[in-house]
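Right, one structure below, let's go through it.
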2 protein chains.
Amino acid sequence: MKKQQINYKARAAIIKAIAHPSRLFIIEELNKGKRSAGKLTEMIGADPSTVSKHLGILKNAGLVFDEKRGTTVYYHLKAPCILDFISCVEAVLETNARTQLEIVRRCKR
Amino acid sequence: MKKQQINYKARAAIIKAIAHPSRLFIIEELNKGKRSAGKLTEMIGADPSTVSKHLGILKNAGLVFDEKRGTTVYYHLKAPCILDFISCVEAVLETNARTQLEIVRRCKR
DNA sequence: GTTATACTTTGCTATATTGCCAAATAACAA
DNA sequence: TTGTTATTTGGCAATATAGCAAAGTATAAC
């Protein structure tokens, strides 16, 4: 495999780590401050093991880091610039919605 | 499903569309200007049907649009802000590499 | 009409991801 | 030691994704 292709693969791996509703939620929540695994589990409303796995994926991608205090594990956001990107995604969503609206309008005529 | 959860799902779907080496390559290439499906296929070096599917995924996510001229189909980037995000991913990759380097150094001692 | 070119769609198999449950681990308290 | 709380890990079934090959569509040239 070529050097360039490896780079694309590495970048895609990080983006893939963000590409999940729960993980997206976790990133946005951690942007507000550190949160425990339990707190995030409660907010998401899934099985603790499921959320733990999501946190593991984000940690493995280097997007968050954990800090253990007693029995609870606090997670912190490592790359806040990810948030800028999410705002771009929001813009894409809005454009898509506008396009859909335009299609609906045209059909009405 | 809650309103907020739908939003996270919609955003994750767009991010998922970007989260693939070939699709990442396509986005960066289209940032330089429009490219035909054939040209992109040649650059990626995969089956035309495979690249066509990737282009379909990007189009479906609202990230690119196509313009047919004769028998060739040209693809255009729709959301250039996606590129800003990729630079953030690059930064994450660099941080991860640095961390790895630090671990290696510590083991040497 | 036929043929060629440029793509896309369908069908299929291999592989990856997701999420729950149950079991394991870690830290602490009684 | 035993129990309790907080979290992670392993196992497994359901679902989603990726990529090749073959068939299908569209446009242009002859």
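Fair warning: this is a prediction, and the values are worked out from it, not measured in the lab. Just so you know, these numbers use all the heavy atoms, side chains as well, and skip hydrogens, waters and symmetry mates. All chains are named by letter (A, B, ...) in the order of the sequence lines, taking the proteins before the strands, and each is independently numbered beginning at 1.
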A:E42 CD - D:dT5 P separation (whole Å)
16 Å
Does A:I57 belong to the same Ile/Leu/Val/Met/Phe/Trp/Tyr cluster as A:I15, with side-chain heavy atoms less than 4.5 Å apart forming each link?
no
Once you apply a heavy-atom cut-off of 4.0 Å, does A:K16 come out as touching a base, just sugar-phosphate, or nothing?
sugar-phosphate
Might you confirm whether atom NZ of A:K39 has over 12 heavy atoms from other residues, nucleotides or ligands at distances under 6.0 Å?
no
Taking for B:A46 and for A:S52 the nucleotide of DNA chain D with the nearest heavy atom, the one nearer the 5' end belongs to A:S52
Round to a whole Å and report the spacing from NZ of B:K9 to P of C:dT17.
19 Å
Between C1' on D:dT7 and NZ on A:K34, what's the gap in Å once rounded to a whole number?
17 Å
Whole angstroms only, please: what is the CD1-P distance between A:I57 and D:dT8?
12 Å
Rounded to the Å, how far apart are A:N60 CG and C:dT18 P?
13 Å
Just checking B:T41: base, sugar-phosphate only, or nothing, at a heavy-atom cut-off of under 4.0 Å?
nothing
Could you tell me whether the side chain of B:Y75 reaches within less than 4.5 Å of the side chain of B:K34, counting heavy atoms only?
no
For C:dG19, take OP1 and OP2 only and decide whether either is under 4.0 Å from a side-chain N or O of A:H54.
yes
Do A:V73 and A:E67 touch side chain to side chain, with heavy atoms closer than 4.5 Å?
no
Does a side-chain N or O from A:Y75 land closer than 4.0 Å to OP1 or OP2 of D:dT8, or not?
yes
Gap between atoms CG and C1', on A:L58 and C:dT17 respectively (whole Å):
14 Å
Should the heavy atoms of other residues, nucleotides or ligands under 6.0 Å from NZ of A:K59 be counted, would the total exceed 12?
no
A side-chain contact here means heavy atoms from C-beta on lying under 4.5 Å apart; do B:I27 and B:I18 qualify?
yes
Length of the line joining A:E67:CD and D:dA6:P, which is rounded to integer Å
17 Å
Any side-chain heavy atom of B:L40 within less than 4.5 Å of one from B:L30?
yes
Within the 4.0 Å heavy-atom criterion, would you say B:Y74 contacts the bases, only the backbone, or no part of the nucleic acid?
nothing
D:dA6 P sits how many Å from A:R35 CZ, rounded?
17 Å
Once base and sugar-phosphate atoms are separated, protein heavy atoms under 4.0 Å mark nucleotides 21-30 of chain D, 5' to 3', with B, S and - as BB---SBS--
